[in-house]
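Ligands are counted one by one from 1 in listed order, and the atoms in each one are counted from 1 as well.
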Amino acid sequence: MRIDLHAHSNASDGTDSPAELVAAAVAAGLDVVALTDHDTVAGHPEAAAALHGTGLTLVPGAELSCHADGVSLHLLAYLFDPAEPAFAAERELVRTDRFRRARLIVDRCRELGAPIDWQQVERIAGAGSVGRPHIASALVEAGVVATVSDAFTAEWLANGGRADVRKHETDPVTAVRLVRAAGGVPVFAHPGASKRGATVSDRVIAELAEAGLAGLEVDHLDHDEPTRAHLRGLAAELGLLATGSSDYHGTRKTVRLGEYTTDPAVYEALLAQATGARPITG
Ligand code: AMP
Ligand code: FE
Ligand code: FE
Ligand code: ZN
């Protein structure tokens with residue numbers, strides 16, 4: 001069993017459509033893939049429809065933008081009821097604020113001399129939950145930077161960078177409770193991704209565990225070996241599951257689908273905690 005529990009489609013900042021993501025998962029030899037777009041479930045129906053005849057299992061999910069003590073962090077949520085009103089309202093709030101903030105980031109980029117505009121970013125983002133990676137793609141199109149990753153520096157879009165603007169992000173304890181109340185399973189995404197910016201302390205992770213966190217995403221491209229070892233130990237200490245996943249974004253990141261995977265026993269343990277939705281097999 002090859003299980004990748006974190007992937008993005010163009011419903012947020014990935015470049016594959018949900019149907020293309022399903023095809024890519026089959027091509028990568030995966031048995032299970034989770035669709036975890038930022039703050040949205042909009043890609044689920046298309047992904048589910050594309051499963052037919054593939055034998056692939058889709059785990060419907062999302063990745064919620066959170067903020068604690070000045071640190072931005074991401075919470076993966078699996079198998080929640082997408083119609084549960086409180087969690088749906090929070091996703092809506094974050095998505096709406098992404099538009100306000102993206103326009104301000106574009107304004108900042110223009111003030112800093114980058115020849116991009118909002119129409120271009122709107123075209124790149126399409127119907128997707130708009131974010132910095134779309135603006136990064138606009139900067140690449142404009143020849144300001146060579147790659148999406150090169151736009152995530154202090155000069156442009158990195159956390160606290162010259163053109164960075166904050167968006168509404170949920171308090172993570174609240175987020176963990178919202179996910180659980182919607183029958184979902186919350187897993188802290190890339191908790192040690194220190195290259196992206198500040199990360200939260202082990203004490204905050206312990207508080208989240210207390211609030212109902214189910215797991216830590218340990219095996220991830222943004223974690224070096226000592227970080228993985230530390231997180232694996234912390235997960236064991238706190239009684240949390242340890243997952244692994246690619247965080248695939250199509251051509252916006254270099255990581256391949258299935259490059260990191262989750263142990264089947266860990267996947268089964270996640271499923272056992274979910275009451276909001278079931279995986280869908282084609
Ligand atoms: P946002 O959701 O708009 O705040 O943007 C955050 C997203 O930017 C993350 O989910 C990643 O997809 C992407 N990102 C962050 N850091 C980098 C990086 N160094 N290179 C490429 N993409 C990045
Ligand atoms: Fe992303
Ligand atoms: Fe993330
Ligand atoms: Zn992600």
Taking the side chain as every heavy atom from C-beta outward, state whether H8 and D247 have any atom pair closer than 4.5 Å.
->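 A side-chain contact under 4.5 Å exists here.
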
Heavy atoms, side chains only, cut-off 4.5 Å: are T262 and D4 in contact?
->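 Answer no - side chains too far apart.
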
Would you call H8 a ligand 1 contact, heavy-atom distance under 4.0 Å?
->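 Contact absent.
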
Should P133 be listed as contacting ligand 1, given a heavy-atom distance under 4.0 Å as the test?
->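 Per 4.0 Å heavy-atom rule, P133 contacts ligand 1.
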
Atoms of ligand 1 close to [X] [distance to a heavy atom under 4.0 angstrom, numbered from 1]:
X    : value
G131 : 3 (O)
H38  : 10 (O)
R101 : 1 (P), 3 (O), 4 (O)
H74  : 10 (O)
S149 : 20 (N), 21 (C)
K167 : 1 (P), 2 (O), 4 (O)

Spacing of [atom1] belonging to [X] relative to [atom2] belonging to [Y], to within rounding of 0.5 Å:
X    : Y    : atom1 : atom2 : answer
T54  : L30  : OG1   : CG    : 11.0 Å
E90  : L64  : CD    : CG    : 6.5 Å
L231 : L216 : CG    : CG    : 6.0 Å
E207 : D202 : CD    : CG    : 11.5 Å

Check: E237 side chain, L234 main-chain N or O, donor-acceptor pair, under 3.5 Å |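 Checked: no pair found.
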
Would a distance-only check, ignoring hydrogens and angles, find a side-chain to backbone donor-acceptor pair under 3.5 Å from S246 to Y248?
->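 A pair under 3.5 Å: yes.
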
Heavy-atom contacts under 4.0 Å between [X] and ligand 1: side chain, backbone, both, or neither?
X    : result
V130 : neither
H190 : neither
K253 : side chain

Where does the angle between the aromatic ring planes of F99 and W118 fall among parallel (under 30°), tilted (30 to 60°) and perpendicular (over 60°)?
->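 Ring orientation, 0 to 90° scale: perpendicular.
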
According to the interplanar angle, ranging from 0 to 90°, do the rings of F87 and F80 count as parallel (below 30°), tilted (30 to 60°) or perpendicular (above 60°)?
->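 The rings of F87 and F80 stand perpendicular, inter-plane angle above 60°.
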
Of all the non-hydrogen atoms in the protein, which one sits nearest to [atom], and at what distance?
atom                    : value
atom 2 (O) of ligand 1  : R98 NH2, 2.9 Å
atom 15 (C) of ligand 1 : F152 CE2, 3.5 Å
atom 9 (C) of ligand 1  : R196 NH1, 3.9 Å
atom 12 (O) of ligand 1 : H249 NE2, 2.9 Å

Specify which N/O/S atom of E63 comes nearest to the Fe ion (ligand 3), by atom name.
->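 Among the N, O or S atoms of E63, the one closest to the Fe ion (ligand 3) is OE2.
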
Got an N, O or S from H38 under 2.8 Å of the Zn ion (ligand 4)?
->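 Under 2.8 Å: H38 has no N, O or S contact with the Zn ion (ligand 4).
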
Mind checking whether the Zn ion (ligand 4) has an N, O or S of H74 under 2.8 Å?
->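 Not a single backbone or side-chain N, O or S atom of H74 is under 2.8 Å from the Zn ion (ligand 4).
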
May I ask you to check whether R132 has an N/O atom sitting below 3.5 Å from an N/O atom of ligand 1?
->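 Indeed, backbone or side chain, R132 has an N or O that close.
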
Considering only N, O or S atoms, which atom of [X] is nearest to the Zn ion (ligand 4)?
X    : result
E63  : OE1
D247 : OD1
H8   : NE2

Over 12 foreign heavy atoms within 6.0 Å of CZ, R2 =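 Yes.
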
Report the C-alpha distance between H249 and D13 in whole Å, list the side-chain angles of each, state the deciding distance to 0.1 Å, and finish with yes or no for side chain to side chain donor-acceptor pair (under 3.5 Å).
-> CA-CA 7 Å; H249 279 69; D13 55 6; 3.0 Å; yes

Would you give the angle at the Fe ion (ligand 3) between H74 atom ND1 and H190 atom NE2, to the nearest 10°?
->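 Once rounded, the angle between the two atoms at the Fe ion (ligand 3) is 100°.
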
Kindly say whether the aromatic ring centers of H74 and H38 come within a distance under 6.0 Å.
->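 Between H38 and H74, which both carry aromatic rings, the centre distance is below 6.0 Å.
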
Dump the intermediate steps for side chain to side chain donor-acceptor pair (under 3.5 Å) on S137 and R252, then the final yes or no.
-> CA-CA 8 Å; S137 286; R252 278 207 184 88; 2.8 Å; yes

